[in-house]
Amino acid sequence: SIIHSTCTCEYKSRIMVAGGERGNQVFVTDYENPLYFPQNSSAEIGFGDSRVVDLVIKDQKIIALKEDSIYSLSFKEGNRINEISLLADNDKRFRESDTFNCNIITNQIGCKYRECTVVLKDKIVFFANDRKIYIINSFDAGDIICISEVLGKDFNDFRYADFAFGSND
């Protein structure tokens, strides 16, 4: 259910919400009618119960970072239904379900915490579950680069929360 949400992002005219009972689903709704989630306008991301930690946008695709893997998502908007929404008081209209396409980028690494992801220009930088920093350059697993060695910093002494909020107590 949408109640168990873990993170959100905005994409074009949509609001993406990750969550669900196991935390591995992405739901989508329209800005025009944000209380209406069309039936079947959700997608299960990957396999297993690992949760979606963060959603970020890169090159017109949604990147879903899970605890143990990374996926790219694209979707096709559903058509408008020609009936006025009973839930909206401003004549907003319902939409048919959006359709999702989910592709795995890698199942070798994942992201531990949402606060550890940032988009810099066209690069996604994140602190991974193996306690290293990575950059996602493209949607190819071979183009995910570990920059921890380049920085020459040993992050094993940091707690994830310290890194996420920029402290080193």
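Every value quoted in this text rests on a predicted model; they were computed, and no experiment measured them.
Here the OG1-CG distance, from Thr106 to Asp68, works out to 10.0 Å after rounding to the nearest 0.5 Å. Taking CD1 from Ile70 and CG from Asn103, the interatomic distance works out to 14.0 Å, rounded to the nearest 0.5 Å. To the nearest 0.5 Å, atoms NZ (Lys132) and CG (Asp130) are separated by 5.5 Å. Between atom OH of residue Tyr134 and atom CG of residue Asn129 there is a gap of 8.0 Å, rounded to the nearest 0.5 Å. To the nearest 0.5 Å, the span separating CD on Glu67 from CG on Asp54 amounts to 12.0 Å.
The minimum heavy-atom distance between Asn24 and Arg22, with the atom names listed, is ND2-NH2, 3.1 Å. A pairwise comparison of heavy atoms in Cys102 and Gly46 identifies SG-N, 4.4 Å as the closest pair. Minimum interatomic distance between Lys66 and Tyr71 (heavy atoms only, all atoms of both residues): CD-CE1, 3.8 Å. In terms of heavy-atom proximity, Ile62 sits nearest to Cys9 at CG2-SG, 4.4 Å. Closest approach of Cys111 to Thr117, counting heavy atoms only: SG-OG1, 3.4 Å. When all heavy atoms of Gly19 and Phe27 are compared, the closest pair comes out as C-CE1, 4.1 Å.
Across Ile124, Asn137, Ile135, Ile136, a single residue satisfies side-chain contact (heavy atoms from CB on, under 4.5 Å) together with Ile144, and that is Ile136.
With hydrophobic clusters built from ILVMFWY side chains whose heavy atoms lie under 4.5 angstrom apart, Val28 shares a cluster with Val26. Side-chain heavy atoms closer than 4.5 Å link hydrophobic residues (I, L, V, M, F, W, Y) into clusters, and following such links, possibly through other members, connects Ile45 to Leu55. Grouping the Ile, Leu, Val, Met, Phe, Trp and Tyr side chains by contacts below 4.5 angstrom, directly or via other members, places Ile109 with Ile105.
Counting heavy atoms of neighbouring residues, nucleotides and ligands inside a 6.0 Å radius, atom CD of Glu44 exceeds 12 of them.
Panel note: side chain Lys123, backbone Val118; no donor-acceptor pair is recorded below 3.5 Å. Remark: the backbone N or O of Ile133 is paired with a side-chain donor or acceptor of Ser148 at under 3.5 angstrom.
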